[in-house]
*Asks:* 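Got a structure for you, written out below as structure tokens; questions coming shortly.
Position 1 is the first residue of the sequence; numbering continues from there.
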Amino acid sequence: MLVLSRKSNETIKIGDDIEIRILEVKGDTVRIGIEAPKSIDILRGELVLSISESNTEATTLDATLFEQLTKKK
């Protein structure tokens, strides 16, 4: 992991077409702006984790429910 220190209005370049700009630092909150091609998805880490957990939960079938669904009549 690369760790950098930046001040307001300073930037970080990733490759030729991604730029991260520090917009504001207030207490323990940092506002950033990201310029990137529309073809690149940019998601907050906690959102990715939430989606992953929801997907896992949706694909996990409760054993009792499975028995009820597969019970022959």
*Asks:* Counting heavy atoms not belonging to Arg31, are there more than 12 under 6.0 Å from its CZ?
*Replies:*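 At most 12 heavy atoms, drawn from other residues, nucleotides or ligands, come within 6.0 Å of this atom.
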
*Asks:* Nearest 0.5 Å please: distance from the CD1 atom of Ile22 over to the CD atom of Glu10.
*Replies:*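 So the CD1 of Ile22 and the CD of Glu10 are separated by 8.5 Å.
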
*Asks:* Assigning hydrophobic clusters by single linkage (Ile, Leu, Val, Met, Phe, Trp, Tyr; side-chain heavy-atom cutoff under 4.5 Å), is Ile32 placed with Ile40?
*Replies:*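 Yes; tracing contacts between hydrophobic side chains, which count when under 4.5 Å, links both residues.
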
*Asks:* Using the side chain to side chain donor-acceptor pair (under 3.5 Å) rule, collect all pairs that involve residues 11-21, keeping only residues at least two apart or in two chains.
*Replies:*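 Pairs touching residues 11-21 that pass the test: Asn9-Arg21, Glu19-Arg21.
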
*Asks:* Holding to salt bridge (Lys or Arg N to Asp or Glu O under 4.0 Å), I want the full list of residues that pass it with Lys26, two or more places apart in sequence or in another chain.
*Replies:*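 Lys26 satisfies salt bridge (Lys or Arg N to Asp or Glu O under 4.0 Å) with Glu24 only.
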
*Asks:* Verify the cluster assignment for Leu47 and Ile34: are they in a single hydrophobic cluster under the rule of side-chain heavy atoms below 4.5 Å apart?
*Replies:*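 They do not share one cluster, since no chain of ILVMFWY contacts under 4.5 Å joins Leu47 to Ile34.
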
*Asks:* If two hydrophobic side chains count as joined below 4.5 Å and joins carry through other members, does Ile14 share a cluster with Leu43?
*Replies:*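 Cluster IDs for Ile14 and Leu43 differ.
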
*Asks:* For residues Leu4 and Leu23: do they belong to one hydrophobic cluster (side chain heavy atoms under 4.5 Å, members Ile, Leu, Val, Met, Phe, Trp, Tyr)?
*Replies:*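 No, Leu4 does not connect to Leu23 through the hydrophobic network.
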
*Asks:* Look only at the side chain of Ser50 and the backbone of Glu46, and say whether a donor-acceptor pair between them is shorter than 3.5 Å.
*Replies:*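 No: the side chain of Ser50 does not pair with the backbone of Glu46.
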
*Asks:* Check whether more than 12 heavy atoms from other residues, nucleotides or ligands sit under 6.0 Å from atom CD of Glu35, and answer yes or no.
*Replies:*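 Open.
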
*Asks:* Group every Ile, Leu, Val, Met, Phe, Trp and Tyr by side-chain heavy-atom contacts under 4.5 Å, then state whether Val3 and Ile18 land in the same group.
*Replies:*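 In one cluster with Val3: Ile18, no.
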
*Asks:* Under 3.5 Å, side chain of Ser52 to main-chain N/O of Val48, donor-acceptor pair present?
*Replies:*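 No, the answer is negative, given that no donor and acceptor are paired below the 3.5 Å cut-off.
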
